[in-house]
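Proteins come first, then strands; the chains are lettered A, B, ... in the order of their sequence lines, and each starts at number 1.
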Amino acid sequence: MPRPIDIILENRLKKLTQLEEAGISGFPNDFVPDSDTRTLHARFDSATQEALEAESARFRVAGRVMTLRNMGKACFFHFKDRLGSLQAYVRKDVLGEEQFERFTLIEVGDIVGVTGKLMKTRTGELTLMAESVKLVTKALRPLPEKFHGLQDVETRFRQRYVDLIMNDWVRELFVTRSKIVSYIRSFLDGRNFLEVETPMMHAIAGGAAARPFVTHHNALDIDLFLRIAPELYLKRLLVGGLERVYEINRNFRNEGLSHKHNPEFTMLEFYWAYATFHDLMALTEELLSGVFTALRGEPAIEIGGKRISMAPPFRKLPLADSLSVVGGLPADKVTDRDYLAEVLRRNEVEVIPAWGLGKLQVEVYDKLVESRIEEPTFIIHHPVETSPLSRRNNENPEVVDRFELIVAGREIANAFSELNDPRDQKARFEEQMKARDAGDEEAHQVDWDYVRALEYGMPPAAGQGIGIDRLVMLATGMENIKEVILFPLLRPEVAELDTEEPAES
RNA sequence: GGGCCGCUAGCUCAGUCGGUAGAGCAGCAGACUUUUAAUCUGCGGGUCAAAGGUUCGAUUCCUUUGCGGCUCACCA
């Protein structure tokens with residue numbers, strides 16, 4: 001007993017076979033469109049039927065059949081290319097008996113090439129009056145329902161190709177993502193930054209506090225880590241004299257999945273010699289207001305129906321001050337270790353005795369401040385204790401010249417003036433090593449070659465990371481990171497009987 | 001990893017206070033030369049996520065498992 005879907009597959013296969021028996025390929029590659037749906041709409045939507053009749057031009061357009069209204073001796077269908085959709089009108093008396101017979105084997109989901117002249121229907125819709133309709137690619141599987149489309153979230157993520165066919169907003173979202181990335185590239189290229197590619201496989205996973213994925217190289221017989229950050233390699237390039245470098249690429253962190261975390265995610269990191277984190281703040285304001293202006297025509301975003309201005313300048317707030325200004329703590333208590341520990345315990349955070357003032361402040365910040373910040377805000381001057389790669393502030397050595405940019409309660413960027421004193425760097429690595437030995441799996445591993453590089457002299461520099469996925473979420477108003485990643489990681493599908501050939505009847 | 005919710009036809013969804021299930025679209029057969037969620041007539045289609053338990057009887061109640069969503073924790 002075949003499953004019902006098998007009957008559908010079989011029927012579609014039968015139509016393909018019929019065509020092939022008539023000597024017609026179901027998968028030809030010789031149809032070359034000379035126009036597209038968007039161009040035709042742009043040029044002719046406002047034209048009258050009389051004007052179209054006078055127009056002698058024929059157009060060749062390819063796309064996927066999305067709806068089909070057969071009326072016996074004539075048929076209307078809509079087909080979709082990457083830019084939009086267009087209606088076609090097919091008449092038996094135009095195509096001829098034989099061609100029309102073959103046309104009736106075409107069904108929703110197939111990709112066709114339509115050749116003909118343009119016309120207007122009675123309701124004024126621009127329509128391609130087909131002189132021929134060629135099957136370009138036979139679809140053996142049926143599309144989801146034409147009206148509701150594909151709704152099931154799991155299927156949308158697992159079979160993103162169907163999601164992209166059915167849901168125009170999804171296709172547009174990924175076009176937006178691409179535009180954001182190319183805007184950033186040209187923004188940085190225009191400021192003489194050099195795009196580089198550094199290793200994805202690291203012998204030492206450094207540059208961030210996170211647990212790495214482990215892989216194995218057979219010929220060398222060594223374990224390697226998928227990178228958790230490109231930072232240390234990019235800074236080696238500053239030592240090498242490249243001075244302005246950036247990389248937009250994947251990082252991998254072996255941590256839990258959530259609506260905000262995919263194990264592989266895309267980061268922009270850039271490093272700028274002879275600049276400080278103040279320069280980065282100015283650059284970031286320019287970059288982000290520019291991105292959103294390019295997308296929407298104004299420097300603003302919309303999250304949950306709420307408009308947030310992204311017009312510079314953004315607020316600057318020292319982390320310690322944010323505990324009182326945003327977190328609501330008494331201003332004189334933000335350096336009081338016992339008080340902060342008490343606040344954390346009240347908020348069900350397990351306080352570890354080894355934590356210093358800085359770590360306590362950061363914990364309180366994470367718990368009480370970050371999610372409450374809506375307007376773009378640079379949280380500056382993080383404690384040195386939690387920033388092992390940042391340069392100390394010249395006035396107050398307890399804090400570093402670092403900022404995190406927060407928008408709508410989310411961290412969008414993390415940046416700092418880079419530490420370039422190899423002695424200080426070595427000491428901080430040793431601190432991290434102790435934390436590691438004490439069981440902190442996320443503490444940085446010591447990268448001696450990086451220290452060696454610094455000993456050659458790295459120019460003073462500032463560096464920044466921007467989470468591209470999160471930025472796209474902000475730009476598109478998405479709350480789930482999987483919505484902005486084409487193929488988010490999901491648990492593998494359970495093996496389906498679906499892989500079997502349709503049963504012989 | 002914890003908590004909550006969901007999983008019924010290819011798709012979108014009803015439904016069963018426990019008596020083996022329906023609609024629309026899609027499909028099949030037919031009518032129809034300006035339709036547009038085309039329309040009209042007829043037909044077929046289900047291991048109700050999986051396994052176990054309770055029961056005369058489970059798709060429905062219970063337990064476990066799988067997958068997903070939301071949320072908390074961790075992080076970016």
Side-chain angles (χ1 to χ4, degrees), chain A residues 1-12 14-15 49 66-78 85-95 100 107-109 119-125 127 129 139-159 162 166 207-211 228-229 251-269 348-350 366-367 370 404-406 410-414 441-442 465-471 473 479-483 488 490-498:
Chain A
M1 187 70 180
R3 297 168 308 158
I5 178 65
D6 291 331
I7 293 165
I8 293 172
L9 298 179
E10 213 173 298
N11 278 329
R12 298 188 76 108
K14 218 178 281 170
K15 292 182 181 179
Q49 169 64 10
M66 300 304 291
T67 60
L68 201 122
R69 296 173 288 281
N70 197 326
M71 291 172 296
K73 297 190 181 66
C75 180
F76 284 92
F77 66 91
H78 276 99
S85 81
L86 183 67
Q87 180 168 255
Y89 180 36
V90 184
R91 292 171 58 122
K92 194 173 192 172
D93 57 5
V94 175
L95 255 62
F100 194 81
E107 54 201 323
V108 171
M119 56 168 264
K120 282 285 176 78
T121 62
R122 210 155 48 186
T123 53
E125 179 171 351
T127 298
M129 174 76 187
L140 294 176
R141 284 183 185 272
L143 288 181
E145 196 222 351
K146 63 187 167 192
F147 189 57
H148 299 93
L150 181 63
Q151 301 289 334
D152 183 75
V153 174
E154 184 177 350
T155 310
R156 287 187 42 234
F157 293 158
R158 285 196 195 281
Q159 296 177 247
V162 182
M166 298 307 295
R211 292 168 64 181
I228 55 177
N251 291 337
F252 306 86
R253 299 193 182 173
N254 204 341
E255 284 154 5
L257 290 84
S258 80
H259 62 120
K260 284 188 196 143
H261 300 86
N262 198 58
E264 52 177 314
F265 61 100
T266 303
M267 283 273 287
L268 159 69
E269 284 204 16
E348 286 152 16
V349 177
E350 193 194 343
D366 283 343
K367 196 74 193 172
E370 188 172 278
E404 288 184 346
L405 175 63
I406 312 300
R410 309 172 193 182
E411 183 191 328
I412 299 305
N414 181 18
E441 283 188 69
E442 293 189 353
I466 295 181
I468 297 295
D469 310 286
R470 298 241 175 122
L471 183 64
M473 287 167 73
E479 303 276 358
N480 188 338
I481 196 168
K482 290 186 170 74
E483 291 288 2
L490 299 175
R491 283 197 147 83
E493 246 176 311
V494 187
E496 247 292 333
L497 295 167
D498 222 20

side-chain contact (heavy atoms from CB on, under 4.5 Å), that's the test. Do A:Asn414 and A:Glu404 meet it? Break it down for me.
CA-CA 4 Å; A:Asn414 181 18; A:Glu404 288 184 346; 3.7 Å; yes
**Report entry** Per-pair stack call A:Phe147 and B:rG24, 5.5 Å, 30°
**Finding:**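 It does not: the ring fails the test against the base of B:rG24.
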Per-nucleotide protein contact along nucleotides 3-14 of chain B, 5' to 3', at a 4.0 Å heavy-atom cut-off (B base, S sugar-phosphate only, - neither), is -------BBS--
Of the nucleotides B:rC28, B:rU71, B:rA37, which one has an atom closest to the side chain of A:Lys146?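 Closest of the options to the side chain of A:Lys146: B:rA37.
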Could you tell me how far [M] sits from [N] if I compare only their [atom1] atoms? Round to whole Å.
N	M	atom1	answer
B:rC7	B:rC48	C1'	10 Å
B:rC70	B:rU34	P	48 Å
B:rC61	B:rG45	P	28 Å
B:rG44	B:rA29	P	15 Å

side-chain hydrogen bond (donor to acceptor under 3.5 Å, both in side chains) partners for [X], two or more places apart:
X	value
A:Arg410	A:Glu479
A:Asn262	none
A:Gln151	none

So which protein nitrogen or oxygen atoms get under 3.5 Å of nucleotides 30-34 of chain B's nitrogens or oxygens?
| residue | atom | partner | partner atom | Å |
| --- | --- | --- | --- | --- |
| B:rC32 | N3 | A:Asn70 | O | 3.4 |
| B:rC32 | N3 | A:Gly72 | N | 3.3 |
| B:rC32 | N4 | A:Gly72 | N | 3.2 |
| B:rU33 | OP2 | A:Met71 | O | 3.4 |
| B:rU33 | O2 | A:Arg91 | NE | 3.0 |
| B:rU33 | O2 | A:Arg91 | NH1 | 3.3 |
| B:rU33 | O2 | A:Arg91 | NH2 | 3.0 |
| B:rU33 | N3 | A:Asp93 | OD2 | 3.2 |
| B:rU34 | O3' | A:Arg122 | NH2 | 3.4 |
| B:rU34 | O2' | A:Arg122 | NE | 2.9 |
| B:rU34 | O2' | A:Arg122 | NH1 | 3.1 |
| B:rU34 | O2' | A:Arg122 | NH2 | 3.2 |
| B:rU34 | O2 | A:Arg122 | N | 2.8 |

Notebook entry, point to check: OP1, OP2 of B:rC28 versus side-chain N and O of A:Lys15: anything below 4.0 Å?
Noted result: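 Yes, within the criterion.
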Backbone N or O of A:Val162 within a donor-acceptor pair of the A:Gln159 side chain at under 3.5 Å?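 No, the answer is negative, given that no donor and acceptor are paired below the 3.5 Å cut-off.
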Inset, instruction - Mark yes or no for a side-chain to base donor-acceptor pair under 3.5 Å between A:Gln87 and B:rU35, with no hydrogen or angle criteria applied. - result: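 Between B:rU35 and A:Gln87, which were checked side chain against base, a qualifying N/O pair under 3.5 Å is present.
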(request) Name the residue closer to the 5' end of RNA chain B, choosing between A:Asn480 and A:Thr67 according to the nucleotide with the nearest heavy atom. (result)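 The residue whose closest nucleotide sits nearer the 5' end is A:Thr67.
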In what stems does RNA chain B take part, counting only runs of at least 3 consecutive Watson-Crick or G-U pairs whose two distances fall under 3.5 Å?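 Stem list for RNA chain B: B:1-7 with B:66-72, B:10-13 with B:22-25, B:27-31 with B:39-43, B:49-53 with B:61-65.
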